[in-house]
Amino acid sequence: MLEIGEQVYVVAAFGINPRLRPLRFRWSGREVKIKDITYEWTTSMGKSRLIHFSVTDGSTLYELSFDSSSITWRIENIETDL
């Protein structure tokens with residue numbers, strides 16, 4: 001697993017309850033289309049609520065996090081040995 005910890009641009013959809021779903025993101029000069037969300041969990045950091053997503057493009061596993069306080073996305077980790 002490789003720790004990244006960089007802010008990224010994410011295209012996401014909001015649905016019912018409000019269900020947040022990342023669809024694709026831009027990182028390191030390329031656009032990554034999300035094929036599947038494999039896991040989702042929340043944590044707290046001070047007053048911020050972080051929503052974490054484990055997502056895959058079919059060959060690589062990424063951890064994205066959404067900070068509901070600052071409305072920003074980060075790529076936290078990547079795993080290439082699936």
query = So among Glu76, Glu63, Glu40, which one has a side-chain hydrogen bond (donor to acceptor under 3.5 Å, both in side chains) with His52?
reply = Glu63
key: Between Asp67 and Ser65: side-chain donor-acceptor atoms closer than 3.5 Å   = no
ask   = For Trp73 and Gln7, does a side-chain donor sit closer than 3.5 Å to a side-chain acceptor?
value =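 Trp73 vs Gln7: no donor-acceptor pair found between side chains.
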Is there side-chain contact between [X] and [Y], with heavy atoms separated by less than 4.5 Å?
X	Y	result
Tyr62	Ile4	no
Glu31	Phe25	no
Ile34	Leu64	yes
Trp41	Ser54	yes
Val55	Asp36	no
Ile37	Arg21	yes

In one Ile/Leu/Val/Met/Phe/Trp/Tyr side-chain cluster, 4.5 Å: Phe14, Ile71 =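 Yes; Ile71 is reachable from Phe14 via cluster members.
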Closest approach of [X] and [Y], non-hydrogen atoms and distance?
X	Y	result
Ile78	Ile75	CG2-CD1, 3.7 Å
Arg49	Thr42	NH2-CG2, 3.6 Å
Asn77	Glu3	OD1-CG, 3.3 Å
Leu20	Ile51	CD2-CD1, 4.2 Å

task = Any chance you could lay out the side chain to side chain contact (heavy atoms under 4.5 Å, CB included) test for Val10 and Phe66, step after step, and finish with the verdict?
result = CA-CA 9 Å; Val10 176; Phe66 175 73; over 6 Å; no
key: Partner set under side chain to side chain contact (heavy atoms under 4.5 Å, CB included) for Ser28, not counting sequence neighbours   =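 With neighbours one apart ignored, the set is empty.
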task = Spell out, as yes or no, whether a donor-acceptor pair under 3.5 Å connects the side chain of Ser44 to the backbone of Gly46.
result = no
task = Please answer whether the main-chain N or O of Gly5 pairs with a side-chain N or O of Arg74 as donor and acceptor at a distance below 3.5 Å.
result =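 Checked: pair present.
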